[in-house]
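Below is one structure; the comments refer to it alone.
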Amino acid sequence: MPTRLTTWLLLLATALLPTISSAADWIRIGVLSHRGDAATLQTWSPTADYLNATLTDYFFEIVPLNFDQVEPAVDSGEVDFVLVNPGIYVNLEVRHRVTRIATLNNRRNGVPYNLFGGVIFTRSERDDIEWLSDLVGKRFMAVDRTSLGGYQMAWRELRGQAIEPQIDFEDLSFAGTHDKVVMAVRNGEADAGTVRTDILERMARQGTINLNEFRVLNPKQDADFPFIHSTRLYPEWPFSKVRHISNQLAQQVAVALLKMPADHPAADKGDYSGWTIPLDYQPVHDLFKELKLAPYDETSRFTLLDVLRYYWKWVVVGTIVALALLFMSSWVWQLNRELKKAQRFLEHKHDLILNSVGDGIYGVNLEGNSTFVNRAMERITGWSAEDLIGHNQHELLHHTRADGSAFPGIECPVYHTFRDDMPRFVAEDIFWCKDGQSLPVEYSSTPIKDTHGATVGAVVVFRDITERKEAAEELRQHQAEFAHIARVSTMGEMASGIAHEINQPLAAIANYTRASIRMLESGKGDIEQITEIMTRAANQADRAGEIIRQLRNFIRKETPERSRVDINNLVREVAVLIGPEANKSRVTIDLNLQSELPPVHAHAIQVEQVALNLARNAIEAMAESDASTRQLTITTAPGDDKTLSVKVSDTGPGITAEAQEQLFDQFFTTKPRGMGLGLSISRGIIEAHEGRLWVETNVAAGTTFSFILPTAESEETL
C-alpha cells in the first residue's frame, strides 16, 4: 500500500509540475551559505515563501551557495537573485552588473540594524593574546578569503596594525563557515579567529557556546550598534538582481521586501527585521581597494609602495644582502685591482732585475724551446728575443762543441736539468753566437717549478768567460816568466858556489890527467894504475856534467807538463843543486826520505823550484847562526788522505808571528835584497797542484816550511 501511495504522489507531482511551471515563473534566489546549507534553508526558505505568497505569478526557491559557487552561479544564470555579503556583492556588481534592490535589516532585541562588522576573538584564558599585535606568530582562523565579515574586515584592521596575515601568522586557515571558526577557537584548534557580528551572540542564544569563553580583541564601541565587534561597520547584506532579470520583476520583488513587516514570521525565522532601501556600499569598495581585492586586484596597481608595505622585512633583508654582496663585490674588485697592480709591479720589477744583470738569462720549457730572454742574453750572443723565444735553444746555442764535433741534444745539460729535476753547473762550454762565432761560457741550469711543485722547464744563467780565460792564460804565462826569472835569479846567486863545485872536478880531472901523463912519460905506471886514475877523472867529469845538466834543466823555460814524479828523486836533485851553496854556507844537508812513496802527478821543475826555494831560504836564514848548528833537513812522508808531505826545516832564529801572517804575500820579504816573490810563487805553484803550503815554528829552534801534494793515484781516482 505505501508503495502504491508513493507512486500516486509521484504521478501527482509530475502532473502538477508543468502546471506550476506554466502558471508561475520559477525564480531562484542564491543565498550565501555561510553557516551551512541546512541553516541557510531554514533561515531563508520562509522569505521565499513570503515572496511566493506576495508575487503569485512566480515561484521563488532558495538555492544555498558556498563561497566558491556564488560567482559561477551568477555568471551562468543559474540564479536570478542573490543574497550575499556586501563583499561578494561588490565584486558581482563590477564583474557581472548585479544590482542591489534592498538591504537587510538585522535584528537585536527587536531593534533593526542594517550595519554589521567583524569580531576578532580568542579564548578568554589566553593571557598571551590581549592586543592585535599579540597575534603575530599565532594560528589564526577565518571563514573564507571572500568572506567580508568573516575575514576581510579583520584583515583591514590587522593591516592597520602593520600585520599581514599571510606573512606574520604562523598559520592562516579557513573553516568555510562562521560556526566552525568559533568552535575551532574554543577547541584550541586555532589561537584566534574572526567571524561577522552577531554570530557569537546567535550561537550563545542557541546554547552552542558561552560568551564568557571568549575575549574580543580590539573591541569597538558604537552607541547605535549593540553587537560586539572589532572592526569598522559596513552595510548589511544586499538583496540583488542578476543582470538577466527585468527591472519590472526586480521592482516587484523590492516592493515586496520593503513591505515585509518587521515582525513577519519569515523575518522571525531569519532573525532579521525586514528590509530597507539599498544602502551605499562605497565603504566596501574602499575596503577592497585598500586590500587590493577583486575587482581592484590588477597587477599593475601593485606598486613599489605596496611591496614595501607588504614585504618590508624581506626588502630590508634583501637590501642588507644586496649591500653585503655589493660590499663583497667591491672588496673583491678592489683586491683584484690591487693584485693586478702588484702583478704589474712585480712583472716590471722582474723585468728590471732580469735586464739589469750582466749575465745572460733565458728560460726553457720541457720541449727545449726558449720561453724568455733578458737583454744581456741578446747583447752577448747577438740573438734577439724574436730569434730565441719559441725556438729550440740547444739547436741555436750549443749544437756543436768547440772542436766542431756534434753535441747531441740528449747530452745537453739543460735537458738533463728538467729531466732529473736537479740543478747543475757547467764550468766551461761554448755558445754559438748569431754571427757564427763561438763564445766560451760557464752556466748554471736550474729547474722551474709551477705552483704545484711540478717541473715545467729550466732557467739558464750564463756568463761570458772569454776575459777570464784570457786572464788565466796570461797569468799562466806570467807565472812561467816569474818561475823562469826566479830560476835565473837562483842560478845567479848559486853561480859562485856552482863554479867552485865545478872547479873541483875540473881540477881533479886536470890532476888525474897530468898524473896519468907523467906516469906514461916516466914509464912507471902500469895500465891498471893509469886506468884507475882515468876512471876517477871520468867520474869527476860526470860529476861536473851532472851539475851542468841539472842547471840547464832548471833554468830552461819549459812548457808546464805534469807527469808521475818520484818526490824522493826530486828532493835528491834539489840537494845536488843546493849542495854548493850549502857547502859555502857551511850548512849540513840531512835528507830524511821515506822509502816506497807513491808518485805525485806534478810538474817536476815547478815542484823542484819550490823545494829549491825553500831550501835556499833555509840556508840564508841560518847565515847568522852558529856554524856548528846549521842543519838543513828535508823530510818526505806519506800524508793523510792520499797525499805526500815535504818538510824543509832549518835551525835558524825562526820567523816572528807577525811576519808569518804576511810571509806569502807578494813583495813581502824579510831579506835585505829579497824581491818578495819567491814564497808567493811557491804557494801558487803548490795550490795549482791541488796542494797546500804553510810555515811553522820549530819547538827547539828554526822554522819548518811544509807542503803536501796529492798522490797520482788520488788524481786518477778522481
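Values reported hereafter were calculated over all heavy atoms of this structure, with side chains retained and with hydrogens, waters and symmetry mates removed.
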| field | Ring centre gap for F431 and F462 strictly below 6.0 Å | value | yes

| field | Output field: ring centroids F407/H398 closer than 6.0 Å | value | yes

Can you find a pair of side-chain heavy atoms, one from [X] and one from [Y], that are under 4.5 Å apart?
X    : Y    : answer
Y362 : V461 : no
T636 : L591 : no
T643 : L709 : no
R692 : R683 : no
I634 : D590 : no
E687 : L693 : no
T417 : P423 : no
W432 : I430 : yes

If you measure from [atom1] on [X] to [atom2] on [Y], what distance do you get to the nearest 0.5 Å?
X    : Y    : atom1 : atom2 : answer
K341 : N336 : NZ    : CG    : 14.5 Å
C412 : H399 : SG    : NE2   : 12.0 Å
L388 : K434 : CG    : NZ    : 9.0 Å
S330 : L325 : OG    : CG    : 12.0 Å
S438 : D403 : OG    : CG    : 11.0 Å
T711 : I567 : OG1   : CD1   : 11.5 Å

Can you name the nearest heavy-atom pair linking [X] to [Y], along with the distance?
X    : Y    : value
A659 : I655 : CB-CG2, 3.4 Å
A458 : F418 : CB-CD2, 3.9 Å
Q393 : S370 : CB-OG, 3.4 Å
N374 : D359 : ND2-O, 3.0 Å
A621 : P653 : O-CD, 3.2 Å
E367 : N392 : O-ND2, 3.7 Å

For [X], is the [atom1] atom crowded, meaning more than 12 foreign heavy atoms sit under 6.0 Å from it?
X    : atom1 : answer
R419 : CZ    : yes
Q334 : CD    : yes
E624 : CD    : no
K449 : NZ    : yes
E347 : CD    : yes

Is [X] reaching over with its side chain to a backbone N or O of [Y], donor-acceptor style, under 3.5 angstrom?
X    : Y    : value
D464 : V441 : no
H416 : I410 : yes
H391 : I389 : yes
D387 : W383 : no
R424 : M422 : yes
T651 : Q631 : yes
H689 : H603 : yes
D650 : T703 : yes
R630 : M622 : yes
N568 : L593 : no

| Y443 and F425: CA distance, side-chain angles, deciding distance, ring-ring contact (aromatic ring centres under 6.0 Å, His included) verdict | CA-CA 6 Å; Y443 64 90; F425 176 76; 8.0 Å; no

| said: Please determine whether side-chain contact (heavy atoms from CB on, under 4.5 Å) holds for the pair N369 and V364, giving the CA-CA distance in whole Å, both sets of side-chain angles, and the decisive distance to 0.1 Å. | reply: CA-CA 5 Å; N369 298 326; V364 182; over 6 Å; no

| field | Residue pair R536 / N539, side-chain donor-acceptor N/O under 3.5 Å | value | no

| Pair N698, T704: side-chain N/O donor-acceptor within cut-off below 3.5 Å | yes

| task | Decide side-chain contact (heavy atoms from CB on, under 4.5 Å) for I361 and V373; before the verdict, give the C-alpha distance in whole Å, the side-chain angles of both, and the deciding distance to 0.1 Å. | result | CA-CA 6 Å; I361 302 175; V373 300; over 6 Å; no

| request: Taking only Lys NZ, Arg NE, NH1 and NH2, and the carboxylate oxygens of Asp or Glu, determine whether E411 and R401 approach each other closer than 4.0 Å. | output: yes

| query | Checking side-chain contact (heavy atoms from CB on, under 4.5 Å) for the pair V607/V565: CA distance, chi angles, key distance, verdict? | reply | CA-CA 10 Å; V607 177; V565 176; over 6 Å; no

| request: Report the C-alpha distance between N365 and T371 in whole Å, list the side-chain angles of each, state the deciding distance to 0.1 Å, and finish with yes or no for side-chain hydrogen bond (donor to acceptor under 3.5 Å, both in side chains). | output: CA-CA 6 Å; N365 61 18; T371 54; over 6 Å; no

| message | side-chain contact (heavy atoms from CB on, under 4.5 Å), that's the test. Do R344 and K340 meet it? Break it down for me. | response | CA-CA 6 Å; R344 289 195 297 270; K340 290 180 179 178; 3.8 Å; yes

